[in-house]
Amino acid sequence: MDDTMKQFQEKLLEIEIEAENLLLARHELVENDKLRNGNREALTALRKRARTTKTSVPSPFDLVMKEIDESRPLVNEICATCGNHDSKEKTWMMFPGTDILARVPFHAAHTILEKDQTKLDYEVKKLQSYVKEKAFLISEQGVLADKIGPGVLKSMVTLQDRSK
């Protein structure tokens, strides 16, 4: 083989490897998005169960003002998800990535899910930037049809192995 054909083969191999990495990253992005949506649905179910949303939880200042007349402690920490729900109440939870069901306290369940959601959000953003980078790198390599005649490209695409 002459040098130009070897260079062409190496360039083609390099682009193919980058394209494979891009496709793998896209597939992983889809899988992570499925997990993230499942986590989000579980968090929504827990918030409904606690009969609260993040916006409906009273602020600590409102609680302090309400409890000034009462003999209870003035500062009472309230979880943004639990609200006034009994955080020690047990709830069933399937741990991510396993088939194990366990009864865990309500507060622990939503805390685990919120941490997983934060981690998944980070991973999805990282994968999105990776996909952008790989797509840009492939586009910077140039289109094959610009470097090779359309007839040669068509013959390479339709090339078939025939045994005699």
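Using a 4.5 Å heavy-atom cutoff, the side chains of Leu113 and Met93 are in contact. Looking at Lys48 and Thr44, their side chains come closer than 4.5 Å, going by heavy atoms from C-beta outward. Under the 4.5 Å side-chain criterion, counting only non-hydrogen atoms from C-beta, Asp116 is in contact with Ile112. In this structure the side chain of Arg103 never reaches within 4.5 angstrom of the side chain of Thr91, judged on heavy atoms. Looking only at side-chain heavy atoms (C-beta outward), His27 and Leu24 stay at 4.5 Å or farther from each other.
The pair Asp33-Arg36 counts as a salt bridge, with a side-chain nitrogen and a carboxylate oxygen less than 4.0 angstrom apart. Remark: Glu114 engages Arg47 in a salt bridge, criterion side-chain N to carboxylate O under 4.0 Å. Salt-bridge check for Glu89 with Arg49: passed, with a basic side-chain N closer than 4.0 Å to an acidic carboxylate O.
Partner of Leu22 under the side-chain contact (heavy atoms from CB on, under 4.5 Å) criterion, chosen from Lys132, Lys134, Glu133: Lys134.
In this structure, the separation between CD on Gln7 and CG on Asp2 is 9.0 Å, given to the nearest 0.5 Å.
When atom types are taken as modelled, the side chain of Thr98 and the backbone of Met94 share no donor-acceptor pair closer than 3.5 angstrom.
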Evaluation steps, side chain to side chain contact (heavy atoms under 4.5 Å, CB included), between Val104 and Lys90: CA-CA 5 Å; Val104 295; Lys90 302 278 187 181; 6.0 Å; no
